[in-house]
Number of protein chains: 2
Amino acid sequence: MAVEAASGAHRPAGRPTQKVLSKELITAAALKLIEAGGYDRLTMSALAKALQVAPSALYNHVASKQDVLVLVQDDIIKSIDVSAFGSRPWDEAVRRWAWSYRDVFTRHTPLIPIIAVLPVTGAPQTLRMYETLTSAFLQDGWPEPLIVPAIVALESFIFGSAFDVGAPSDIFESGELAEANPNFTSAVRSQELGAGGSAADAAFRLGLEGLIGGLQAQRAAWSAG
Amino acid sequence: MAVEAASGAHRPAGRPTQKVLSKELITAAALKLIEAGGYDRLTMSALAKALQVAPSALYNHVASKQDVLVLVQDDIIKSIDVSAFGSRPWDEAVRRWAWSYRDVFTRHTPLIPIIAVLPVTGAPQTLRMYETLTSAFLQDGWPEPLIVPAIVALESFIFGSAFDVGAPSDIFESGELAEANPNFTSAVRSQELGAGGSAADAAFRLGLEGLIGGLQAQRAAWSAG
DNA sequence: TCAAGTAAATGAACGTTATTCATTTACTAC
DNA sequence: GTAGTAAATGAATAACGTTCATTTACTTGA
């Protein structure tokens with residue numbers, strides 16, 4: 001006599017009649033856990049519990065926790081704003097993309113060490129973003145050999161900056177070592193913050209504007225031979 | 001009848017006659033472990049074994065493993081080359097410092113998430129480096145409010161770039177998705193590498209030169225009001 | 001149609017890891 | 001000298017990622 005699965009019912013061993021897991025479901029559940037409690041809360045046990053499944057069941061769909069993180073990574077890439085590429089001038093499009101990219105990864109810094117060394121083969125959405133960028137650079141007249149280095153340089157700056165945002169605002173307070181380091185102590189106090197921005201935002205703005213201008217100069221230098 | 005401690009002798013419980021541990025010894029042993037086998041090999045147990053001590057003994061000197069990493073972090077900062085500041089022009093000094101900084105952290109990427117949010121109070125060597133930088137920027141005539149944002153921007157770029165170096169050289173190979181992403185695939189193939197350099201080096205060079213030039217432009221814009 | 005193979009779940013187990021605690025012994029200060 | 005603290009051992013713990021045997025359902029080929 002079959003019993004319909006009640007909400008608290010226990011699933012017996014053996015392959016279930018209808019699928020209860022998939023990569024998509026795992027990705028969504030992982031993302032939900034992360035948003036609720038950060039990366040500390042993302043454990044294979046917690047993930048299994050959220051999906052109402054035994055931890056070992058996850059390993060029929062992913063090879064490791066690292067694998068889960070790769071799925072999450074490729075998913076959140078979709079939320080980066082690339083809409084300005086193609087419709088707006090190069091510098092403005094890069095600016096919008098970069099701020100959006102940084103904001104997304106500010107909430108996902110533990111993914112940075114992963115994405116930075118992850119072959120794009122395993123991350124179709126990431127590849128898609130690169131394609132969009134490359135097309136826009138070409139459209140803008142960039143010499144092809146400079147495009148990938150330029151993207152990587154921008155990305156590196158973005159990743160590094162994402163870490164900054166999470167830093168405590170008093171990170172540069174010298175404390176008792178202030179007297180031994182007077183110039184830096186003073187510079188910290190006089191730091192330009194910009195309109196209503198945090199120190200991290202000010203540094204990102206300065207660096208991004210510098211990088212955008214500097215890359216354009218490098219491009220001009222290349223074209224000049 | 002007291003027995004001199006032979007090399008393989010077992011230390012009895014209780015406070016030892018002469019100190020066997022200190023923060024300095026722990027730092028040195030941790031660094032040695034990391035250099036020998038990377039951060040995976042740095043466990044509290046391995047550290048204790050290297051120091052011929054029980055794991056719990058470490059906790060009389062550090063509060064946590066995180067604490068050990070902070071000690072290591074502040075130690076390796078000393079190996080960054082700041083010698084050009086004060087003796088060479090601003091841009092050349094920044095260039096040398098940045099390459100050196102990146103090279104050091106290439107071998108210590110797991111420290112990046114830590115240093116990026118670590119209050120400088122707990123890292124005197126790091127503070128010292130910032131003081132050296134600030135003095136050089138002032139010497140060069142930089143407006144004080146821009147100095148900290150500029151340093152943070154450079155550092156962010158350096159940290160992000162350090163991750164890149166560890167990436168496999170075929171990280172951007174599109175594989176079976178090549179046809180769907182033709183522009184990027186082509187750009188990867190035509191990528192400018194520079195004289196005998198890796199892709200990571202080329203991107204770092206391009207970005208660093210862009211950033212150096214761009215920051216100088218930002219500085220000029222600020223001074224002009 | 002049946003048999004073999006594979007997919008996908010459970011549940012028990014394992015080896016690490018960082019960390020804590022009780023205990024012991026030596027040093028230090030009043 | 002006695003109380004308190006510093007610094008070691010060794011046993012214990014909880015959490016985590018992962019593996020394995022087992023069970024059951026679906027799929028495929030003769």
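Proteins get letters first, then strands, A, B, ... in listed order; numbering begins at 1 in each.
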If you find the nucleotide of DNA chain C closest to B:D40 and the one closest to A:V20, which residue's nucleotide is nearer the 5' end? A:V20
Atom-to-atom span, CG of B:L21 to C1' of C:dC27 - whole angstrom: 17 Å
Using the six-membered ring wherever Trp is involved, compare the ring planes of B:F204 and B:W99 and label them parallel, tilted or perpendicular (cut-offs 30° and 60°). perpendicular
B:S156 and A:D164 side chains, donor-acceptor separation under 3.5 Å: yes
Using the six-membered ring wherever Trp is involved, compare the ring planes of B:F85 and B:F137 and label them parallel, tilted or perpendicular (cut-offs 30° and 60°). tilted
Hey, where on DNA chain D does chain B first and last touch, going 5' to 3'? Cut-off is any atom under 4.0 Å from a heavy atom. D:dA6 to D:dG10
Between C1' on C:dT19 and OH on B:Y59, what's the gap in Å once rounded to a whole number? 5 Å
Would you say CZ of B:R205 has more than 12 non-hydrogen atoms from neighbouring residues, nucleotides or ligands within 6.0 angstrom? yes
Would you say the side chain of A:V152 lies within less than 4.5 Å of the side chain of A:V148, judging by non-hydrogen atoms? yes
How close or far is atom C1' of C:dT19 from atom CG of B:N60, stated in whole angstroms? 13 Å
Between C:dA26 atom P and B:R11 atom CZ, what is the distance in whole Å? 13 Å
Toward the 5' end of DNA chain C, by each residue's nearest nucleotide, B:R15 or B:A63: B:A63
Taking the ring centre of each residue, are B:Y101 and B:F159 less than 6.0 Å apart? yes
Please give, in whole Å, the distance from C:dT19 C1' to B:L47 CG? 14 Å
Describe the nucleic acid contact of B:S56 in one word from base, sugar-phosphate, nothing, applying a heavy-atom distance below 4.0 Å. base
